[in-house]
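What follows is a short report on a single structure.
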Protein chains: 2
Amino acid sequence: MQNSQSSSKRFLDIIGELQSLISEQKIEYGDRLPSERHLAEKLQVSRTAVREALRSMELLGLIETRRGEGTFLSDFKKHQLVEVLSTFIMQQARSIQDVVETRMIHERAAITTITENEEFRMLPVWVGMQSKLIDGESVFLREDMVRETIVATENRLSLKIWFLLKQYSGVSFDVAIEAVEEIAIVHELLDEMMAGNTEKALICYEKWMNQVEGERREME
Amino acid sequence: MQNSQSSSKRFLDIIGELQSLISEQKIEYGDRLPSERHLAEKLQVSRTAVREALRSMELLGLIETRRGEGTFLSDFKKHQLVEVLSTFIMQQARSIQDVVETRMIHERAAITTITENEEFRMLPVWVGMQSKLIDGESVFLREDMVRETIVATENRLSLKIWFLLKQYSGVSFDVAIEAVEEIAIVHELLDEMMAGNTEKALICYEKWMNQVEGERREME
DNA sequence: TATGCAGGGTGGTCAGACCACTCTGCTGAA
DNA sequence: TTCAGCAGAGTGGTCTGACCACCCTGCATA
């Protein structure tokens with residue numbers, strides 16, 4: 001229990017013990033963990049040390065704490081990891097250009113994935129979007145279009161990253177697709193996607209983004 | 001300063017304030033942060049609270065602490081994070097799959113960018129890698145190949161994200177390219193890249209990754 | 001001049017206290 | 001009997017002050 005081997009950090013040990021505890025007692029997502037005081041006693045350390053370990057895990061989104069109630073094992077899907085890291089990464093990102101380019105990497109990848117997979121191509125979403133685009137009744141945002149594309153690929157991590165990049169890229173995505181030309185481009189993009197023409201779909205996408213980018217420059 | 005708005009967690013606020021401090025005072029990687037006691041006084045919170053925030057950041061590998069010396073801002077290369085998270089993530093097959101797929105998104109994008117841009121294609125790195133590959137004298141790791149590709153695109157953000165994903169994807173990338181078949185594939189990949197054949201280059205890449213993945217499965 | 005020691009600063013850990021909050025079960029009034 | 005309301009126990013959130021182990025530096029001594 002002592003730090004005989006020096007190097008190992010106490011709070012890391014505690015995290016390890018918590019992991020064992022969780023698997024031993026078969027604690028599942030949503031279940032409650034023993035209270036901080038009980039854990040401290042059980043692991044023979046102070047409550048302070050337990051808390052440091054728990055806070056670390058909380059930052060990662062591995063657990064969730066509710067005052068007055070307790071500590072709960074939470075679903076990994078809600079991990080804050082990506083958010084936290086993004087702040088630091090963004091600080092280092094030289095230019096906004098990198099952010100935009102990286103965002104587009106994820107968008108192109110999503111389009112490609114869908115176009116090259118018949119199951120994804122046949123999803124009813126695409127047709128639904130096209131009619132929404134045309135009828136002009138409901139509002140249809142740019143980011144709706146892109147988001148749905150990434151959602152369809154079922155890659156949650158990519159979606160998460162995209163969402164963050166979107167916020168940093170300074171492009172106005174929460175804008176309705178209204179202009180006739182823009183509707184035409186997006187409509188065609190959907191057509192090509194459903195037809196499975198990866199190259200053409202990507203060309204449409206590029207055309208669309210160029211237009212959006214041009215718009216942004218005018219704003220300045 | 002009080003938790004007037006309730007919801008926000010104290011230690012998250014502190015992490016935020018630390019981030020501000022770091023950017024304001026232009027603390028760079030390797031530099032020392034103010035001591036825990038000073039931070040506590042500066043932020044008007046207890047040392048306990050500061051420590052909880054610092055331990056969280058340490059788990060993420062954002063900082064490094066050395067007893068008797070201080071706390072240092074570090075590059076996220078050494079994160080215990082990976083081990084901790086992997087234990088939790090690995091149980092969710094979907095998650096690890098997302099990580100791998102997202103990593104490959106960045107890799108494919110880099111290959112495409114280079115192949116489609118003459119300036120990048122003509123870089124001397126590629127030929128240099130090929131000879132390194134053949135002469136067999138110097139060690140040439142898998143991750144060297146991929147990393148150089150992304151480095152060449154000059155997108156630092158993508159590189160940073162890739163770096164993180166690499167470590168979570170559970171693929172052995174720090175392995176030398178030695179097998180005859182593997183050398184052949186990578187060599188061909190470089191050929192196609194330099195020739196500007198995007199499609200063929202991507203096919204080579206896919207072949208390579210399939211092989212690597214197959215290897216990983218055998219290990220289990 | 002060179003050695004060695006003491007002191008101050010740092011992170012690491014702990015015990016104990018209080019606060020704010022949630023839940024539960026008991027009590028007393030309708 | 002029923003139900004509203006309150007008290008208490010349990011939980012996380014925060015703080016204080018203390019001590020330890022360790023590192024560095026500068027001063028005093030050999």
Side-chain angles (χ1 to χ4, degrees), chain A residues 1-18 21-22 25 27 30-74 78 80, chain B residues 1-18 21-22 25 27 30-74 78-80 84:
Chain A
M1 184 62 57
Q2 293 302 18
N3 51 348
S4 52
Q5 297 304 329
S6 67
S7 66
S8 71
K9 301 272 184 179
R10 176 71 126 235
F11 81 101
L12 285 178
D13 294 341
I14 295 179
I15 290 179
E17 304 216 39
L18 283 175
L21 193 89
I22 288 169
Q25 307 206 355
I27 299 175
D31 291 352
R32 234 194 87 212
L33 267 59
S35 75
E36 296 179 350
R37 290 169 176 85
H38 284 160
L39 285 173
E41 194 179 0
K42 184 161 194 162
L43 305 181
Q44 285 290 295
V45 294
S46 71
R47 198 178 147 211
T48 313
V50 171
R51 277 186 62 81
E52 287 186 0
L54 287 176
R55 287 300 76 68
S56 298
M57 290 172 69
E58 185 175 4
L59 184 67
L60 292 183
L62 299 176
I63 58 171
E64 197 178 331
T65 54
R66 295 199 281 273
R67 175 188 291 199
E69 293 182 64
T71 306
F72 302 82
L73 192 59
S74 79
K78 296 177 196 160
Q80 299 183 317
Chain B
M1 189 55 63
Q2 293 304 17
N3 50 347
S4 51
Q5 296 303 329
S6 66
S7 65
S8 69
K9 300 273 183 179
R10 178 70 125 236
F11 83 101
L12 284 179
D13 294 343
I14 295 178
I15 290 180
E17 303 215 41
L18 283 176
L21 192 90
I22 288 169
Q25 307 207 354
I27 299 175
D31 291 352
R32 233 195 88 212
L33 267 59
S35 76
E36 296 179 352
R37 289 170 177 85
H38 284 160
L39 284 172
E41 193 179 0
K42 184 161 196 162
L43 304 181
Q44 286 290 295
V45 295
S46 70
R47 197 179 148 213
T48 314
V50 171
R51 277 186 62 81
E52 288 186 0
L54 288 177
R55 286 302 75 68
S56 299
M57 290 172 69
E58 184 175 2
L59 185 66
L60 290 181
L62 299 174
I63 58 169
E64 196 178 332
T65 55
R66 295 198 281 273
R67 176 187 289 198
E69 293 182 64
T71 306
F72 303 82
L73 191 59
S74 76
K78 309 166 195 162
H79 33 35
Q80 301 75 357
V84 175

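In what follows, chains are A, B, ... by sequence order, proteins preceding strands, each numbered from 1.
- Contact annotation: the side chain of B:Ile14 approaches that of B:Leu43 to within less than 4.5 Å [non-hydrogen atoms, C-beta and beyond].
- Remark: C1' of C:dG11 and CZ of B:Phe72 are 11 Å apart, rounded to the nearest angstrom.
- A close approach under 4.0 Å does not occur between any side-chain nitrogen or oxygen of A:Arg66 and OP1 or OP2 of D:dG12.
- Looking at A:Val45 and A:Asp13, their side chains never come closer than 4.5 Å, going by heavy atoms from C-beta outward.
- Scored by the salt bridge (charged side-chain N to carboxylate O under 4.0 Å, His left out) test, B:Arg66 finds B:Glu64, B:Glu69 as partners (sequence neighbours excluded).
- Here the P atom of nucleotide C:dT13 and the CZ atom of A:Arg51 are 16 Å apart, to the nearest Å.
- Under 4.0 Å is where a charged nitrogen must lie from a carboxylate oxygen, and between A:Glu52 and A:Arg55 no such pair does.
- Per the geometry, CZ belonging to B:Arg37 stands 13 Å off P belonging to C:dT13, to the nearest Å.
- Atom CG of A:Asp13 is separated from atom P of C:dG12 by 13 Å (rounded to the nearest Å).
- An OP1 or OP2 oxygen of D:dG12 is reached within less than 4.0 angstrom by a side-chain nitrogen or oxygen of A:Thr71.
- Residue A:Thr48 has no polar side-chain atom (N or O) positioned under 4.0 Å from OP1 or OP2 of C:dG12.
- Rounded to whole Å, atom P of D:dT16 lies 11 Å from atom CD of B:Glu41.
- Counting to the nearest Å, the C1' atom of C:dG12 and the CD1 atom of B:Ile63 are 14 Å from each other.
- B:Leu21 places a side-chain heavy atom less than 4.5 Å from the side chain of B:Leu39.
- Counting only residues at least two apart or on different chains, the salt bridge (charged side-chain N to carboxylate O under 4.0 Å, His left out) pairs with a member in residues 37-50 of chain A are A:Glu36-A:Arg47.
- Residue B:Leu33 contributes atom CG, which lies 12 Å from atom P of C:dT10 at whole-angstrom precision.
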Distances under 3.5 Å between nitrogen or oxygen atoms of protein and nucleotides 6-10 of chain D:
residue	atom	partner	partner atom	Å
D:dG10	N2	A:Gly68	O	3.3

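- The base of C:dG12 lies close enough to the side chain of B:Arg47 for a donor and an acceptor atom to sit less than 3.5 Å apart.
- Taking every side-chain heavy atom of A:Ala49 into account, C:dC14 is the closest of C:dG12, C:dC14, D:dG12.
- By the side-chain hydrogen bond (donor to acceptor under 3.5 Å, both in side chains) test, A:Thr71 is found to be paired with no residue, residues two or more places apart in sequence or in another chain being considered.
- The interatomic distance linking B:Gln44 (CD) with D:dC15 (C1') rounds to 13 Å, in whole Å.
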